[in-house]
A.B. asks: 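Input: one structure, supplied below.
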Amino acid sequence: MIPDTLTCGWREVLGATELRPTLQQLGAFLVEERQSFQVFPQPENVFRALELTPLERVKVVILGQDPYHDAGQAHGLSFSVPHGVSIPPSLRNIYRELAEDQQIVIPGHGCLESWAEQGVLLLNTVLTVRAHCANSHRGRGWERVTASMIERVNELPGVAFLLWGASASRIATGLHSRHLIIQSAHPSPLSAYRGFWGSRPFSRVNAWLRDHGKREIDWRPDCLK
């Protein structure tokens, strides 16, 4: 189940002895699930976030819940959709805050691969979902797998965590004080007004990276790196 395309850092995390039973159970579950239902993302994209952002290059973590569940949306990166797919409401709100925070002209697509390639780990807590059925793979084991990923990132010298919403914010208590932790409401249209608007997460992350001698993130979704 662990793709050969992962760098050694992530392969070491996923290959840990304590995760093997969970990954085996998940693998069997997904084989059975795909026989009866559509499952997103496609198998080759389940670990796409790890492929684009090697462990040793992680500078920022944006934690989502589970993949988008409509056809064509999920491609393995939290909040992101492929080119040619309509921008979902939460991402549209992220773009609105980004435009106000960074004076960026927002493109007509929702693909955030350029962020991932610069060290922004766009990780969902659960990495698969049944079509048109949000949270349908919650409690199947992904949470333990992604918790191990976060634990390993927590060991890095310094990382900025953007934790949007109550679900993502639960990990804050376990993070080391050397990291930057920015918590706010979720960008969903149902909650963005509760503190996401005006939180300026992108400029705050870049200021922190700069202060710690790290290269800032070019948050323009169309930037080339």
A.B. asks: Is there a donor-acceptor contact under 3.5 Å linking the side chains of Ser167 and Gln65?
C.D. replies: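 The answer is no; no qualifying pair exists.
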
A.B. asks: So which atom in Lys59 and which in Ile217 form the shortest heavy-atom distance, rounded to 0.1 Å?
C.D. replies: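 Between these two residues, the closest heavy atoms are CE-CD1, 3.8 Å.
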
A.B. asks: Can you hop from Val120 to Tyr68 via hydrophobic side chains spaced under 4.5 Å?
C.D. replies: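 Same hydrophobic cluster.
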
A.B. asks: Roughly how far apart are Leu112 CG and Leu91 CG, rounded to 0.5 Å?
C.D. replies: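 Atom-to-atom, Leu112:CG and Leu91:CG are 5.5 Å apart.
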
A.B. asks: Could you check whether atom CD of Glu32 has more than 12 heavy atoms from other residues, nucleotides or ligands sitting under 6.0 Å from it?
C.D. replies: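 Atom CD in Glu32 is not crowded, with 12 or fewer foreign heavy atoms closer than 6.0 Å.
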
A.B. asks: Do Asp101 and Pro201 come close enough that some side-chain heavy atom pair is under 4.5 Å?
C.D. replies: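 Asp101 vs Pro201: side chains touch.
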
A.B. asks: I want to check something: taking the side chain as every heavy atom from C-beta on, are Leu50 and Leu121 in contact at a cut-off of under 4.5 Å?
C.D. replies: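 A side-chain contact under 4.5 Å exists here.
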
A.B. asks: Could you check if a side-chain atom of Val58 sits within less than 4.5 angstrom of a side-chain atom of Leu156, using non-hydrogen atoms only?
C.D. replies: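 Yes, their side chains come closer than 4.5 Å.
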
A.B. asks: If only side-chain N and O atoms count, and only distance matters, is there a donor-acceptor pair under 3.5 Å linking Trp142 with Thr128?
C.D. replies: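 The criterion, which ignores hydrogens and geometry beyond distance, is satisfied for Trp142 and Thr128.
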
A.B. asks: Is there side-chain contact between Trp115 and Val60, with heavy atoms separated by less than 4.5 Å?
C.D. replies: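 When only atoms from C-beta onward are counted, Val60 and Trp115 do not touch, as no gap falls below 4.5 Å.
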
A.B. asks: Using 0.5 Å steps for rounding, measure from the CD atom of Glu117 to the CD atom of Glu113.
C.D. replies: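 Rounded to the nearest 0.5 Å, the CD-CD separation comes to 6.0 Å.
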
A.B. asks: If you group Ile, Leu, Val, Met, Phe, Trp and Tyr by side-chain heavy-atom gaps below 4.5 Å, do Tyr193 and Phe196 land in one group?
C.D. replies: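 Linked within one cluster.
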
A.B. asks: Under a 4.5 Å side-chain heavy-atom rule over Ile, Leu, Val, Met, Phe, Trp and Tyr, are Val145 and Ile2 clustered together?
C.D. replies: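 Yes.
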
A.B. asks: Does the distance from a Lys or Arg side-chain N to an Asp or Glu carboxylate O, for Arg138 and Glu143, drop under 4.0 Å?
C.D. replies: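 Salt bridge between Arg138 and Glu143, a charged N being under 4.0 Å from a carboxylate O: no.
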
A.B. asks: Between Ser78 and Asn124, do the side chains contain an N or O donor and an N or O acceptor separated by less than 3.5 Å?
C.D. replies: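 Ser78 vs Asn124: no donor-acceptor pair found between side chains.
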
A.B. asks: Establish, from distance only, whether the side-chain atoms of Asp66 and His137 form a donor-acceptor pair under 3.5 Å.
C.D. replies: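 No donor-acceptor contact under 3.5 Å links the two side chains.
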
A.B. asks: Is there side-chain contact between Met149 and Leu123, with heavy atoms separated by less than 4.5 Å?
C.D. replies: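 Heavy-atom side-chain distance check passes, below 4.5 Å.
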
A.B. asks: Output yes when a side-chain donor or acceptor of Arg152 lies under 3.5 Å from a complementary backbone atom of Ala147, and no otherwise.
C.D. replies: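 A pair under 3.5 Å: no.
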
A.B. asks: Roughly how far apart are Gln25 CD and Arg140 CZ, rounded to 0.5 Å?
C.D. replies: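 CZ of Arg140 is found 10.5 Å from CD of Gln25.
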
A.B. asks: Between Ser169 and Ala166, is there a donor-acceptor pair closer than 3.5 Å when you use the side chain of the first and the backbone of the second?
C.D. replies: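 Looks like no, no N/O pair under 3.5 Å.
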
A.B. asks: Give a yes or no on whether the backbone of Ser184 and the side-chain of Arg194 come within a donor-acceptor separation of less than 3.5 Å.
C.D. replies: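 A pair under 3.5 Å: no.
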
A.B. asks: Taking atom OG of Ser148 and atom CG of Leu14, what is their separation to the nearest 0.5 Å?
C.D. replies: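 One gets 8.5 Å once the value is rounded to the nearest 0.5 Å.
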
A.B. asks: Would you say the side-chain atoms of Gln42 and His75 include a donor-acceptor pair closer than 3.5 Å?
C.D. replies: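 There is no such pair between these side chains.
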
A.B. asks: Hey, what do you get for CD1 (Ile62) to CG (Leu163), rounding to the nearest 0.5 Å?
C.D. replies: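 Answer rounded to 0.5 Å: 10.0 Å.
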
A.B. asks: With a 4.5 Å cut-off on side-chain heavy atoms, are Tyr95 and Pro221 touching?
C.D. replies: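 Yes, at least one pair of side-chain atoms sits under 4.5 Å.
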
A.B. asks: Go through the steps for Arg215 and Gln118 under the test side-chain contact (heavy atoms from CB on, under 4.5 Å), then give the verdict.
C.D. replies: CA-CA 9 Å; Arg215 187 173 182 177; Gln118 295 177 77; over 6 Å; no

A.B. asks: Do any N or O atoms from the side chain of Thr125 and from the backbone of Leu63 form a donor-acceptor pair under 3.5 angstrom?
C.D. replies: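 No, the answer is negative, given that no donor and acceptor are paired below the 3.5 Å cut-off.
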
A.B. asks: Evaluate the side-chain proximity of Val159 to Leu180: yes if any heavy-atom separation is below 4.5 Å, no if none is.
C.D. replies: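 A side-chain contact under 4.5 Å is absent here.
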
A.B. asks: Taking atom CD of Glu12 as the centre, does the number of heavy atoms from other residues, nucleotides or ligands within less than 6.0 Å exceed 12?
C.D. replies: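 Count not over threshold, so no.
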
A.B. asks: Shared ILVMFWY cluster between Phe29 and Val46, side chains joined below 4.5 angstrom?
C.D. replies: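 Same cluster.
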
A.B. asks: Which pair of non-hydrogen atoms, one from Leu6 and one from Phe47, has the smallest distance, and what is that distance?
C.D. replies: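 Answer, listing the atom of Leu6 first, then Phe47: CD2-O, 4.1 Å.
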
A.B. asks: Of all heavy-atom pairs between Pro88 and Gln73, which one has the smallest distance, and what is that distance?
C.D. replies: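 Minimum heavy-atom separation between Pro88 and Gln73: CG-NE2, 4.2 Å.
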
A.B. asks: Where the side chain of Arg34 meets the backbone of Val39, is there a donor-acceptor pair that is under 3.5 Å apart?
C.D. replies: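 Answer holds: yes.
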
A.B. asks: Report whether Phe40 and Leu127 are members of the same hydrophobic cluster (ILVMFWY, side-chain heavy atoms less than 4.5 Å apart, transitive linking).
C.D. replies: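 No: no chain of side-chain contacts under 4.5 Å links Phe40 to Leu127.
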
A.B. asks: What pair of heavy atoms forms the shortest contact from Trp208 to Ala160, and how long is it?
C.D. replies: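 That closest heavy-atom pairing would be CZ3-N, 3.8 Å.
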
A.B. asks: Does a side-chain heavy-atom distance below 4.5 Å link Leu175 with Ile150?
C.D. replies: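 Yes, side chains in contact.
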
A.B. asks: Parallel, tilted or perpendicular: which one describes the rings of Phe161 and His179, with boundaries at 30° and 60°?
C.D. replies: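 Correct class here is perpendicular.
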
A.B. asks: Going through the checks in order, is the side-chain contact (heavy atoms from CB on, under 4.5 Å) test met by Leu122 and Thr53?
C.D. replies: CA-CA 8 Å; Leu122 297 165; Thr53 313; over 6 Å; no

A.B. asks: How close do Ser90 and His186 get, counting heavy atoms only, and between which atoms?
C.D. replies: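 Nearest pair, atom of Ser90 first, then His186: OG-CE1, 3.7 Å.
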
A.B. asks: Could you report the tightest heavy-atom contact between Ser191 and Ala185, atom names first, then the distance?
C.D. replies: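 Reported closest heavy-atom pair: O-CB, 3.3 Å.
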
A.B. asks: Take Gln102 and Ser203, measure what side-chain contact (heavy atoms from CB on, under 4.5 Å) needs, and give me the verdict at the end.
C.D. replies: CA-CA 7 Å; Gln102 296 277 283; Ser203 59; 3.5 Å; yes

A.B. asks: When rounded to the nearest 0.5 angstrom, what distance separates CD1 in Ile182 from CZ in Phe202?
C.D. replies: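 The distance works out to 9.5 Å.
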
A.B. asks: For a ring-ring contact (aromatic ring centres under 6.0 Å, His included) check, start with the C-alpha distance between Phe79 and Trp164, then their side-chain angles and the critical distance, and finish with the verdict.
C.D. replies: CA-CA 11 Å; Phe79 295 104; Trp164 295 330; 5.6 Å; yes

A.B. asks: May I have the step-by-step check of side-chain contact (heavy atoms from CB on, under 4.5 Å) for Leu52 and Leu77, ending in yes or no?
C.D. replies: CA-CA 9 Å; Leu52 290 179; Leu77 307 177; 4.0 Å; yes

